[in-house]
2 protein chains.
Amino acid sequence: MTTRLSDVAARAGVSVKTVSNVINDYPHITSQTRAKVEAAIAALDYRPNVSARSLRKGRSDFIALAIPEMASPYFAELGAAISRAAKKRGITVLIDQTEGESAAEKLVLDGMRGQLIDGIIFSPITTAPTKIDSAGTAKPLLLLGERPAAGTFDHVAVDSVKASFDATTHLISIGRRRIAAIGVGGGAGTGAVRRKGYRKALKAAGLPHDPALELAGTGYHRPDGAASMRELLALPEPPDAVFCFNDLLALGALRTLADAGLSVPDDVAVVGFDDIEDGRFHSPSLTTISPDKEWLAENAVDLLLERISGNAEAARRDLSVPYTLEIRESTAG
Amino acid sequence: MTTRLSDVAARAGVSVKTVSNVINDYPHITSQTRAKVEAAIAALDYRPNVSARSLRKGRSDFIALAIPEMASPYFAELGAAISRAAKKRGITVLIDQTEGESAAEKLVLDGMRGQLIDGIIFSPITTAPTKIDSAGTAKPLLLLGERPAAGTFDHVAVDSVKASFDATTHLISIGRRRIAAIGVGGGAGTGAVRRKGYRKALKAAGLPHDPALELAGTGYHRPDGAASMRELLALPEPPDAVFCFNDLLALGALRTLADAGLSVPDDVAVVGFDDIEDGRFHSPSLTTISPDKEWLAENAVDLLLERISGNAEAARRDLSVPYTLEIRESTAG
DNA sequence: CTGAAAGCGCTTACAG
DNA sequence: CTGAAAGCGCTTACAG
């Protein structure tokens with residue numbers, strides 16, 4: 001059979017309590033006792049049973065990360081950063097792909113998977129903010145991405161309005177006047193918030209706002225960006241710049257521009273959002289909003305862990321992720 | 001407090017055994033009893049405690065997927081596919097990033113994390129095959145990626161020698177004669193196996209084998225591919241084609257070629273390996289070996305689950321993943 | 001089918 | 001510091 005704590009205790013000639021104390025790094029243990037126990041653990045190749053521990057403690061040191069899809073580069077990079085941050089703190093991350101399904105998102109809001117996980121970091125996509133805020137989740141929940149300013153849960157995100165304002169203003173500063181937006185959407189999601197920043201920048205510069213230049217599309221992947229760009233090129237008066245609401249859309253748009261034989265940035269300048277590795281190596285390389293993903297990961301995990309260990313009462317917190325505008329070839333010849 | 005099984009039993013007016021039977025879908029339950037129990041579960045919003053169940057059953061329905069890095073597109077796509085395949089079978093996947101550290105890989109070979117997971121799908125990178133085969137892992141282990149034909153563990157992978165032969169032969173068939181290889185390595189890893197197929201194809205076509213055209217590089221990311229391509233272009237007699245041992249290397253190489261003002265495929269044709277989404281949308285789009293990732297995921301999960309439920313004695317199995325050569329712009333003008 | 005009970009392997013008051 | 005015991009919430013023989 002598997003070795004248990006009591007086997008270790010027997011071999012070391014101490015009580016189970018003492019072994020438990022050593023494993024959990026409790027104080028008041030003489031170094032000789034500790035050495036004896038550690039020798040026994042090594043000799044028996046003992047490892048504690050996680051299920052038993054979490055059943056007893058009511059805490060598993062597992063958290064869930066619920067994201068739309070892990071194969072999408074931004075979420076893959078984010079997941080990697082969050083896993084790394086959690087591991088540093090002795091926590092394991094379970095990644096849950098919701099695939100944009102509302103049933104899967106509902107499960108997340110429920111609290112997920114019985115009692116195994118201690119808390120959840122959730123990047124919602126289909127569920128409406130009001131529904132999220134009224135959820136009676138069983139576990140501490142931290143939200144990522146665009147949210148209304150007020151809400152019930154802790155929240156970590158880039159200030160998308162400001163970042164989108166910056167991105168658009170950059171296009172204006174290099175002399176563009178017909179600036180399109182790809183990825184526009186309704187509600188309070190990414191597509192709405194980033195459009196707000198885009199429109200604000202046009203207004204601040206005294207540029208007219210042309211609804212024909214705002215493209216909705218069905219998703220946030222390369223094919224969507226490519227299709228939207230084709231629509232824009234078919235316009236009687238095509239744009240001289242495009243702000244894409246994420247890098248994947250921008251990479252799709254660049255593909256369409258290359259196919260059309262247009263030069264970037266001379267004919268059309270392109271800006272993205274996310275700073276995925278892909279865009280840095282693309283030819284031309286992609287100008288983009290670069291959120292500090294390490295910062296995001298560290299702070300999201302810390303905030304959730306604080307919430308897990310007790311102060312459920314503490315006031316809701318809303319952190320703004322630092323970002324920079326990375327100017328690359330797609331806007332700077 | 002949290003609702004327990006016994007609360008459900010009390011409310012439904014049945015024994016805990018019956019509730020357990022309903023939850024675990026055991027036979028011999030009348031539909032009325034089932035309905036009563038399900039009503040009680042719904043009314044109390046009961047969900048079973050995973051820790052308690054796995055402590056008792058000695059099985060958690062969790063498996064681990066240990067990969068070098070989840071932010072790398074190939075592994076991100078693979079992880080997504082494996083998560084999906086596992087979810088279909090009621091299994092949750094824990095993703096473990098080894099980051100190419102041998103300590104992390106050793107932990108995987110140990111059996112990982114106490115008793116929580118039931119088995120492991122492992123894509124090793126630093127640990128030597130002989131060391132892997134001699135590992136006394138505590139849990140069923142399934143290996144992904146290049147392995148010597150013989151071994152102790154179940155194995156699922158593309159026949160890399162054959163696929164590399166096909167990729168190289170394709171370059172020969174479009175008239176290339178100085179074909180370089182990027183990503184070459186020693187031992188029994190990817191870099192060695194794919195070189196084998198590459199050399200075999202040259203030999204079969206009666207082409208000379210020039211060691212100067214075999215580039216090793218330090219890793220399998222875009223910057224490595226870009227650097228290797230720069231080396232190749234600096235050669236007195238640069239190549240007219242490159243077979244890159246993964247798509248990321250190929251995308252880096254394409255970037256260098258674009259910077260050098262060379263035309264692809266006219267001046268240099270490029271083939272990759274993996275078929276990540278990135279390469280499909282790149283301009284030019286990337287010709288590549290496309291392994292069937294869904295097939296890989298489904299079969300890896302099934303094989304591991306079979307091993308977990310009992311037949312530990314069954315003969316070791318070695319599955320070959322179907323693949324196709326996707327011919328795109330980088331080799332077809 | 002049911003009911004009462006043991007036990008999975010821990011942690012944690014409790015009495016010393 | 002130690003030792004004996006209870007209990008976390010399940011599942012599963014066991015006797016009916």
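Sequence lines set the chain letters: A, B, ... in the order given, protein chains first and strands last, and positions in each chain run from 1. Basis for what follows: all heavy atoms, side chains included, without hydrogens, waters or symmetry-related copies.
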Length of the CG-P vector between A/Leu5 and D/dA5, whole Å:
17 Å
Side chain of B/Val14 (C-beta onward), nearest among C/dT2, D/dG9, C/dC10:
C/dT2
Hey, are B/Arg84 and B/Glu298 close enough for a salt bridge, meaning a charged N less than 4.0 Å from a carboxylate O?
no
Will you find, in the side chains of B/His221 and B/Glu69, an N or O donor that is under 3.5 Å from an N or O acceptor?
yes
Which whole-number value in Å describes the distance from B/Lys36 NZ to C/dC1 P?
11 Å
Check ion pair B/Asp302-B/Arg89 (N to O, under 4.0 angstrom)
yes
May I have the distance from B/Asp61 (atom CG) to D/dC10 (atom P), rounded to whole angstrom?
15 Å
Out of C/dT2, D/dC10, C/dT12, whichever nucleotide has its closest atom nearest the side chain of B/Tyr46
D/dC10
Tell me the interatomic distance from A/Arg53, atom CZ, to D/dG7, atom C1', rounded to whole angstroms.
17 Å
Pairing partner of C/dT2, by Watson-Crick or G-U wobble and under 3.5 Å for both distances, is D/dA15
Starting at atom CD1 of A/Ile23, determine the distance to atom C1' of C/dT11, rounded to an integer number of angstrom.
11 Å
For B/Thr152 versus B/Arg316, what's the shortest heavy-atom pair and its separation?
C-CD, 3.7 Å
Calculate the interatomic distance between A/Arg56 atom CZ and D/dA6 atom P; express it in whole Å.
13 Å
Whole Å only: how far is the CZ atom of A/Arg59 from the P atom of D/dG9?
17 Å
Looking for any heavy atom pair under 4.0 Å, which part of the strands does A/Lys57 touch: base, sugar-phosphate only, or nothing?
sugar-phosphate
Is there side-chain contact between B/Thr33 and B/Thr18, with heavy atoms separated by less than 4.5 Å?
yes
Rounded off to whole Å, could you give me the CG-to-C1' distance for the B/Asp7 and D/dC10 pair?
13 Å
Position toward the 5' end of DNA chain C (nearest nucleotide), B/Ser15 or B/Leu55
B/Ser15
Under 4.0 Å between a side-chain N/O of B/Ser20 and OP1 or OP2 of D/dT11, yes or no?
yes
